[in-house]
Amino acid sequence: MRITAGVIATIGLYSVLWKENKFYRFFEHVFLGLAAGWTMVALWTETLKANWWDKMVGTPAETGAAATNGMFAYALLIPFGLMGYFVFSKKHNWISRIPIGIILGLWSGQQVQVWWNTYGPQIDATLKPILPTTWDSLIVPSTNGLTPEQLSQVQSQIYFSQAVNNFLFTLTVVSVLSYFLFSFEVKSKAVKGINTMGRYLLMIGFGAIFGSTVMMRFTLLIDRMHFIWIEWLRDGVFPMISGR
Amino acid sequence: MKGNLGEKLQSLPKPILYLILILATSIPLFFPTEVPNEPVESTKDFYATLMALPEGSKVLLMSDWTGSTRGESKGAFRSIFKILIRRKAKVAIYSAADPQAPRVAQDAINELNMERKRKNLPTFDRWNDWVNIGYFPNAEAAINGIANDLKGAFGGRKDFPPNSPPRDVFQSPVLQGVTKVEDFPLMLVITASKTSNFAVERVSGRTPLAFAVTGVMVPETQVFYQSKQIVGYCGGLKGVYDLEQLMESGVNFPDKATAKIKSDKLGTIEGFPDPDNKGQGTRYYPTLHYALALMIIMIILGNVGMFLAKRGDKS
């Protein structure tokens with residue numbers, strides 16, 4: 001029954017591909033209603049109760065855990081939270097800016113560390129050697145049967161093929177960055193050329209992102225088709241009809 | 001549909017196109033085939049990281065996927081858990097992207113346990129082997145809290161011991177002795193949203209990170225992998241297919257000369273052949289190729305149509 005209900009809902013939601021219809025609307029509303037209801041309950045049971053209510057009123061002793069005293073200071077969060085709802089009032093909406101401002105302030109204060117954590121290692125990884133350190137081989141030699149010492153020797157070298165890769169990588173970074181030079185007018189032909197190359201490389205990157213997106217969407221469709229044809233029809237309905 | 005061939009090709013009715021797409025994504029499912037594949041380095045590293053976990057390790061897992069990305073994320077989740085169960089890991093699960101995510105993760109583990117029961121294998125028990133810490137709204141603030149004050153962030157959260165009322169998660173064998181995020185030798189993120197970025201921002205450098213992301217997130221996740229902010233990742237359906245093959249064959253296993261999957265960077269990592277390793281990745285990946293081939297054909301037809309229509313206009 002559960003799977004059959006899922007199949008009917010899936011067909012209902014996909015029916016919009018044919019045209020807008022009441023069958024689709026019904027399941028859209030069912031889905032939204034379920035999601036909203038679930039979220040409200042989850043917010044209480046999984047967040048507000050554990051992180052706020054129990055801390056405010058305290059908890060009784062239970063197996064392996066002592067009782068905790070309530071801290072009524074947590075009640076002060078109520079008016080503070082309610083201030084956010086003044087965003088709907090034309091006259092008093094300035095009140096809502098107080099909690100929003102504090103949250104923004106807390107968030108902004110953390111961004112220096114966040115920025116460095118995110119981009120510091122990436123900037124570091126961008127600085128790659130573009131000159132080979134050995135000409136013993138043009139490409140990275142096979143490491144089959146090498147001792148750990150020989151392996152680390154191979155890995156410590158920059159071979160010609162790696163240097164070419166690194167050069168292309170660096171060229172891509174520089175040309176894409178140059179595309180975003182908006183502070184002054186670019187007159188040099190060389191910079192303009194690099195700038196144009198940056199634009200094309202960006203487009204290639206966007207193409208790759210779009211390709212990944214399409215693959216993901218197709219996978220979601222394949223999963224739904226598997227659900228309908230295999231999980232429901234082949235493994236559910238057919239065995240039931242044939243009495244297996 | 002009036003007009004010349006070019007115009008006709010450009011204005012194929014959408015319902016017909018959708019019908020063709022549905023056929024292309026349905027029929028191959030009934031005829032399983034093998035697609036030749038070489039796992040990518042990021043997934044090999046991901047697998048190597050999981051297999052290198054000492055038995056009994058405690059792993060923090062942020063599970064941020066729901067039914068909307070079941071096609072990719074569930075396959076990754078199941079494969080990861082098969083490996084974690086094999087490593088006898090203890091897993092603390094929480095979610096920060098969607099209130100439905102903890103329940104979805106719980107259902108996926110229950111499904112795995114039912115399969116294990118049918119095969120008379122020991123189950124992966126809630127409370128003793130894994131705990132569901134629940135959902136945390138505001139992912140960025142939640143991850144920041146977990147990174148800086150794990151006891152405070154998870155404090156007060158309860159889960160269900162067997163046949164017993166809910167108890168504080170820190171009493172479970174999974175979180176005993178854990179006081180900070182560094183106490184986990186690995187943090188896994190299975191996500192279909194931006195929460196992986198928050199994990200890099202707040203947790204990187206404190207404990208190794210490994211991600212399982214959806215296909216659309218692969219380009220941004222590759223950046224984190226190349227700059228060594230994460231130790232490996234499993235990206236999209238291709239990642240799931242790679243992971244299933246790695247579970248089956250290992251890396252450089254049994255030896256480099258005869259191994260199906262080789263790596264110069266990694267040592268020998270054993271696989272564990274089992275028909276159950278072939279899951280969602282193996283089932284969906286060949287079908288994806290039919291869908292992509294159809295799209296390529298449609299793009300070519302559309303362009304040919306445009307070319308013919310332009311030529312018709314000129315003449």
Side-chain angles (χ1 to χ4, degrees), chain A residues 14 17-19 35 38-43 45-47 49-51 54-55 59 62-65 68 106-107 110 113-115 117-118 121-126 140 142-145 151 154-155 205 208-209 212-230 234, chain B residues 14-15 18 21-22 25-26 29-30 68-72 74 99-100 102-103 134-137 140-141 144 155-158 161 164-165 167-168 171 197 200-202 204-205 214-220 223-224 226-229 235-238 256-257 264 280 283-284 287-288 291-292 295:
Chain A
Y14 275 134
L17 296 177
W18 180 257
K19 63 177 185 180
W38 183 280
T39 303
M40 285 184 73
V41 174
L43 271 178
T45 56
E46 305 216 15
T47 308
K49 188 173 183 305
N51 290 1
D54 284 350
K55 286 179 180 173
T59 51
E62 57 184 35
T63 325
T68 58
L106 286 170
W107 182 83
Q110 294 171 0
Q113 186 206 352
V114 162
W115 193 93
N117 256 4
T118 310
Q122 288 173 24
I123 294 168
D124 184 46
T126 305
V140 183
S142 166
T143 53
N144 266 345
L151 186 67
V154 168
Q155 285 171 344
I209 294 170
S212 306
T213 310
V214 169
M215 281 208 287
M216 183 203 170
R217 304 296 167 203
F218 276 155
T219 307
L220 304 187
L221 176 66
I222 292 165
D223 178 65
R224 287 293 85 194
M225 292 303 112
H226 187 272
F227 180 68
I228 293 173
W229 302 119
I230 308 292
R234 194 191 70 183
Chain B
K14 273 186 188 168
Y18 289 135
L21 180 61
I22 285 170
T25 51
S26 298
L29 290 171
F30 289 94
S68 63
T69 57
R70 197 183 93 133
E72 293 182 323
K74 189 180 179 185
Q100 298 165 44
R103 178 71 203 194
Y135 167 66
F136 292 79
E140 194 169 2
N144 191 39
R157 293 293 174 127
K158 292 177 180 177
S164 170
R167 278 162 59 186
D168 192 303
Q171 292 176 33
N197 291 19
V200 168
E201 288 170 3
R202 312 286 175 161
S204 67
T214 53
V216 67
M217 295 169 70
V218 166
E220 61 185 288
V223 176
F224 296 138
Q226 281 191 326
S227 55
K228 296 187 172 58
Q229 288 166 294
L237 189 61
K238 158 80 173 150
K256 204 168 177 183
D264 281 344
Q280 214 163 288
R283 282 199 300 270
Y284 296 177
T287 308
L288 179 65
L292 293 176
M295 195 182 74

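When Leu288(B), Asn144(B), Thr214(B) are compared by the number of non-hydrogen pairs under 4.5 Å with chain A, Leu288(B) comes out ahead. Top candidate by heavy-atom pairs under 4.5 Å with chain A, chosen from Asp168(B), Val223(B), Leu292(B), Val218(B), is Leu292(B). Most heavy-atom pairs under 4.5 Å with chain A, from the set Gly156(B), Gly235(B), Ala291(B): that is Ala291(B). The choice from Met215(A), Gln122(A), Arg217(A), Gln155(A) that makes the most heavy-atom pairs within less than 4.5 Å of chain B is Gln122(A). Each of Lys158(B), Lys256(B), Arg157(B), Arg103(B) has some count of heavy-atom pairs under 4.5 Å with chain A, and the biggest count is that of Arg157(B).
A search for side chain to side chain contact (heavy atoms under 4.5 Å, CB included) contacts involving Met40(A) returns nothing, not counting sequence neighbours. Shown here are the side chain to side chain contact (heavy atoms under 4.5 Å, CB included) partners of Arg224(A), two or more places apart in sequence or in another chain: Thr10(A), Tyr14(A), Phe227(A), Arg70(B).
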* To do: Show the numbers, then the answer: is there a side-chain contact (heavy atoms from CB on, under 4.5 Å) between Thr69(B) and Met216(A)?
  => CA-CA 8 Å; Thr69(B) 57; Met216(A) 183 203 170; 3.6 Å; yes

Fill in: Candidate pair Thr287(B) and Phe218(A), rule side-chain contact (heavy atoms from CB on, under 4.5 Å), full reasoning
CA-CA 9 Å; Thr287(B) 308; Phe218(A) 276 155; over 6 Å; no

request  = Show the numbers, then the answer: is there a side-chain contact (heavy atoms from CB on, under 4.5 Å) between Thr47(A) and Phe136(B)?
outcome  = CA-CA 6 Å; Thr47(A) 308; Phe136(B) 292 79; 6.0 Å; no

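In this structure, Ser26(B) and Trp229(A) approach most closely via the heavy-atom pair OG-NE1, 2.7 Å. Nearest heavy-atom pair across Gly134(B) and Glu46(A) is CA-OE1, 2.9 Å. Nearest approach of Met225(A) to Ile22(B), heavy atoms of both residues: SD-CG2, 3.9 Å. Closest heavy-atom contact between Thr25(B) and Leu221(A): OG1-CD2, 3.7 Å. In terms of heavy-atom proximity, Ser227(B) sits nearest to Pro121(A) at CB-O, 3.6 Å. The two residues Gly215(B) and Ser212(A) make their nearest non-hydrogen contact at O-CB, 3.1 Å.
In this structure, chain B has a heavy atom under 4.5 Å from the side chain of Trp107(A), while its backbone stays farther away. Neither the backbone nor the side chain of Ile123(A) comes within less than 4.5 Å of any heavy atom of chain B. There is no contact between Lys74(B) and chain A, counting heavy-atom distances below 4.5 Å. Heavy atoms closer than 4.5 Å to chain B are found nowhere in Lys19(A), neither backbone nor side chain. Contact annotation for Glu140(B): only side-chain heavy atoms (C-beta onward) come within less than 4.5 Å of a heavy atom of chain A. Using a 4.5 Å cut-off between heavy atoms, Leu237(B) contacts chain A through its side chain alone, with no backbone atom that close. Within the 4.5 angstrom heavy-atom criterion, only side-chain atoms of Tyr18(B), from C-beta onward, approach chain A. Neither the backbone nor the side chain of Pro161(B) comes within contact range of chain A; no heavy atoms are under 4.5 Å apart. Proximity to chain B (any heavy atom under 4.5 Å) is restricted, for Val214(A), to the side chain, taken from C-beta onward. At a 4.5 Å heavy-atom cutoff, Asn197(B) makes no contact with chain A through either its backbone or its side chain. Neither the backbone nor the side chain of Lys14(B) comes within contact range of chain A, judged by heavy atoms closer than 4.5 Å. With a threshold of 4.5 angstrom between heavy atoms, Met217(B) does not approach chain A through any atom at all. Only the side chain of Gln229(B) comes within contact range of chain A, with heavy atoms under 4.5 Å apart.
Taking the side chain as every heavy atom from C-beta outward, Asn117(A) and Val200(B) never approach each other to under 4.5 Å. Between Ile209(A) and Glu220(B) the shortest side-chain heavy-atom distance does not fall below 4.5 Å.
Distance CG/Asp124(A) to NZ/Lys228(B): 9.5 Å, rounded to 0.5 Å. Atom-to-atom distance recorded for Glu72(B):CD and Leu220(A):CG is 6.0 Å, nearest 0.5 angstrom. One distance of note links CZ of Phe224(B) with OG1 of Thr118(A); it measures 6.5 Å at 0.5 Å rounding.
With hydrogens and angles left out, the side-chain atoms of Gln113(A) and Glu201(B) include no donor and acceptor closer than 3.5 Å.
At distances below 3.5 Å, not a single donor-acceptor pair connects side-chain atoms of Trp18(A) with backbone N or O atoms of Pro15(B).
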